[in-house]
Participant: 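Submitted below is the structure of interest, expressed as structure tokens.
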Protein chains: 2
Amino acid sequence: MADQARRRLARETVLAAAMELADREGLEALTMRSLADALGTKPMTLYHHVPGKEALLDGMVDIVFAEMEKPPVELEWRDAMRVRCRSAREVLARHPWSVPLLESRHHPGPELLAHHEAVLATLDRAGMPLPLVAHAYAVLDSFVYGFAMQEANLAVQRGQEDAELAGEIASAFDPAAYPMLTRFAMEHAMQPGFNFGDSFDYGLDLLLDGLARAAA
Amino acid sequence: MADQARRRLARETVLAAAMELADREGLEALTMRSLADALGTKPMTLYHHVPGKEALLDGMVDIVFAEMEKPPVELEWRDAMRVRCRSAREVLARHPWSVPLLESRHHPGPELLAHHEAVLATLDRAGMPLPLVAHAYAVLDSFVYGFAMQEANLAVQRGQEDAELAGEIASAFDPAAYPMLTRFAMEHAMQPGFNFGDSFDYGLDLLLDGLARAAA
DNA sequence: TAGCAAGTCGTACTTAGTACGAAACACTTC
DNA sequence: GAAGTGTTTCGTACTAAGTACGACTTGCTA
């Protein structure tokens, strides 16, 4: 019992350190050795708190789901879903490394299941028939995950040296060969006011509006 | 010149073999050694056709983009985008390993650029102002990528033994703790007619309809 | 036919995940 | 408190994978 609590705490310490490391230096910098270093211990010690690296990643993904706000029960379904989708996007942006992991983990953790449960319950409470619930869920999650994926990409880009980036793009990129791409970049994407993230709310409302119409 | 052509051919052989291997046995089974084996050669030989594993993956991703149908110029923009989005989804489903890679590659290849160029040109031809073009592109691609990501997940699941899967799910999954999830699975997702993929066209039309309204 | 460029590959180094087992430690039970 | 038992730590070492280095082979060109 006491050692249960101690072990749980240690496991959480390990997971927290792993997330911190991945946030700060990227997923490829997260190795059992670097994680041990970050915790001031040796690699093999970690294996007493986590069965292996795969389980470590599973645990990290479950924490990501835990950080996402569930749709608040007191709100009307559209507002509730807007809250949860925005929160999901924000969490995934905070942990960009997690986006590709969401796809490759085959061991759903309790937080992931609880999250799905809450979302399905919200759609059900809205009075949607099950087939529409399925569509709504698939469509909204696809959008959220896909958007997060693109944002994670941009985040990496922005992390590079600007000069390096410009050079790389210019070299890979013959303006004459890609006129529309060039025009789009020059006249819109590289203008001061542009923010890729603005498209999130736009798309989310598009989907919620469409679903609301279908639900009625 | 001749050797140029020969080298290009060899590079393409390597890439083709790599894609075949990844399709058949998954991305984690694709190592420089296994790829060399598949080609009947030795690991270090590959480095004369590809600068390294990163470049190999970059090349594979670019081939994935090459396989996607571009929006046909002769069609009205909605139909054109429907064709390209369906094709993209189909290609990504055929190469599930590529989905997480799309995010992590920072060296856009010519096929990727050409694809983006074609899509932007289609939206531009539809008369959309640039800000709407940006929204349309971001929103549609998020949906397509996110959907592909979820399908890739399902594909892996389906690859496992059914018994194993059922056992895993049942153990991770207390029906009483997740009533709505259980009901959803029993009454809908596990029914004979259910097909996750059906939500793709549903969501795609939702987005295209919304964008059409905005463009008018 | 001599010579050079292109391609092949044996060897070996590095980094990463992790099995094994001994030592250190903590906590119970007598 | 001493003995015993389970937990945690960690040194060592094995394996897999990416890849640098340099020798060898091959086939074309002058």
Side-chain angles (χ1 to χ4, degrees), chain A residues 1-62 97-98 100-101 104-107, chain B residues 1-62 97-98 100-101 104-107:
Chain A
M1 216 132 276
D3 46 7
Q4 258 294 36
R6 189 160 27 134
R7 181 157 15 164
R8 172 111 22 105
L9 221 167
R11 179 191 148 87
E12 271 149 27
T13 310
V14 170
L15 286 175
M19 301 213 26
E20 216 255 309
L21 221 175
D23 286 346
R24 190 156 31 83
E25 309 194 24
L27 193 59
E28 67 292 335
L30 174 66
T31 69
M32 296 307 271
R33 291 167 213 261
S34 65
L35 179 55
D37 277 352
L39 285 162
T41 181
K42 306 286 155 163
M44 287 317 292
T45 302
L46 302 175
Y47 286 82
H48 275 268
H49 304 108
V50 166
K53 192 170 187 186
E54 287 297 295
L56 179 74
L57 296 175
D58 284 340
M60 293 167 73
V61 166
D62 212 45
W97 48 265
S98 72
L101 285 189
S104 50
R105 304 292 90 197
H106 317 130
H107 295 281
Chain B
M1 213 131 282
D3 47 6
Q4 259 293 38
R6 188 162 27 134
R7 181 158 15 167
R8 172 106 25 105
L9 222 166
R11 179 191 148 88
E12 271 149 28
T13 310
V14 170
L15 286 175
M19 301 212 28
E20 216 254 309
L21 221 175
D23 286 346
R24 190 156 33 83
E25 309 194 22
L27 193 60
E28 67 292 336
L30 173 67
T31 71
M32 297 305 272
R33 291 167 211 261
S34 66
L35 179 55
D37 278 352
L39 285 162
T41 181
K42 304 287 153 163
M44 287 317 293
T45 302
L46 302 175
Y47 286 81
H48 273 269
H49 303 107
V50 165
K53 191 169 188 188
E54 288 297 295
L56 179 73
L57 296 174
D58 284 340
M60 292 168 72
V61 166
D62 212 44
W97 47 265
S98 71
L101 285 189
S104 50
R105 303 294 90 195
H106 319 319
H107 295 280

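So that the names make sense, note that chain A is the first sequence line, chain B the second, and so on, each numbered from 1.
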Participant: Rounded to whole angstrom units, what separation is found between the NE2 atom of B:His48 and the C1' atom of D:dT19?
Facilitator: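 Atom-to-atom, B:His48 to D:dT19, this comes out as 12 Å.
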Participant: Looking at B:Lys42, I'd like to know whether one of its side-chain N or O atoms comes within less than 4.0 Å of OP1 or OP2 on C:dT8.
Facilitator: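 Result: no.
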Participant: Do any side-chain nitrogens or oxygens of A:Thr31 fall under 4.0 Å of OP1 or OP2 in C:dT15?
Facilitator: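 Checking A:Thr31 against C:dT15: no side-chain N or O falls below 4.0 Å of OP1 or OP2.
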Participant: With a 4.0 Å cutoff (strictly under), does any side-chain N or O of A:Thr45 reach OP1 or OP2 of D:dT8?
Facilitator: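 For A:Thr45, the contact criterion (side-chain N or O under 4.0 Å from OP1 or OP2 of D:dT8) is not met.
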Participant: I want to check one thing: is the phosphate of C:dT8, taken as OP1 and OP2, less than 4.0 Å away from some side-chain N or O of B:His49?
Facilitator: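 For C:dT8, OP1/OP2 do have a side-chain N/O of B:His49 under 4.0 Å.
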Participant: To the nearest Å, how far apart are A:Tyr47 OH and D:dG11 C1'?
Facilitator: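 Interatomic distance, OH of A:Tyr47 to C1' of D:dG11: 15 Å.
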Participant: Without decimals, in angstroms, what is the distance between A:Met44 CE and C:dC20 P?
Facilitator: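 Rounded to the whole Å, the gap is 10 Å.
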Participant: Would you call A:Arg105 and A:Glu54 a side-chain contact if the rule is heavy atoms closer than 4.5 Å?
Facilitator: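 With C-beta onward as the side chain, the pair touches.
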Participant: With respect to the side chain of B:Pro43, which nucleotide from D:dT9, C:dG17, D:dT19 is positioned closest?
Facilitator: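 The closest nucleotide is D:dT19.
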Participant: With a 4.5 Å heavy-atom cut-off, do A:Leu56 and A:Leu46 have their side chains touching?
Facilitator: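 A:Leu56 does not reach A:Leu46 side chain to side chain.
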Participant: Calculate the interatomic distance between A:Leu46 atom CG and C:dA19 atom P; express it in whole Å.
Facilitator: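 In whole Å, C:dA19 P lies 13 Å from A:Leu46 CG.
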Participant: If we ignore hydrogens and angles and just use 3.5 Å, is the side chain of A:His49 paired with the main-chain N or O of A:Tyr47 as donor and acceptor?
Facilitator: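 Checking the backbone N and O of A:Tyr47 against the side chain of A:His49, no donor-acceptor pair under 3.5 Å is found.
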Participant: Rounded to the nearest Å, what distance is computed from the CG atom of residue A:Leu35 to the P atom of nucleotide D:dC10?
Facilitator: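 Taking CG of A:Leu35 and P of D:dC10, I get 14 Å after rounding.
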Participant: For A:Lys53 and D:dA16, give me the distance from atom NZ to atom C1', rounded to whole Å.
Facilitator: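 From A:Lys53 NZ to D:dA16 C1': 14 Å.
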Participant: Round to the nearest Å and state the distance from B:Arg33 atom CZ to C:dG10 atom P.
Facilitator: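 It is 12 Å, rounded to the nearest whole Å.
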Participant: Rounded to the nearest Å, what distance is computed from the CG atom of residue A:Asp37 to the C1' atom of nucleotide D:dC10?
Facilitator: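 Between C1' of D:dC10 and CG of A:Asp37: 13 Å.
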Participant: What's the separation between atom CG in B:Leu27 and atom CE in B:Met60, rounded to the nearest 0.5 Å?
Facilitator: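 Going from the CG atom of B:Leu27 to the CE atom of B:Met60 covers 6.5 Å.
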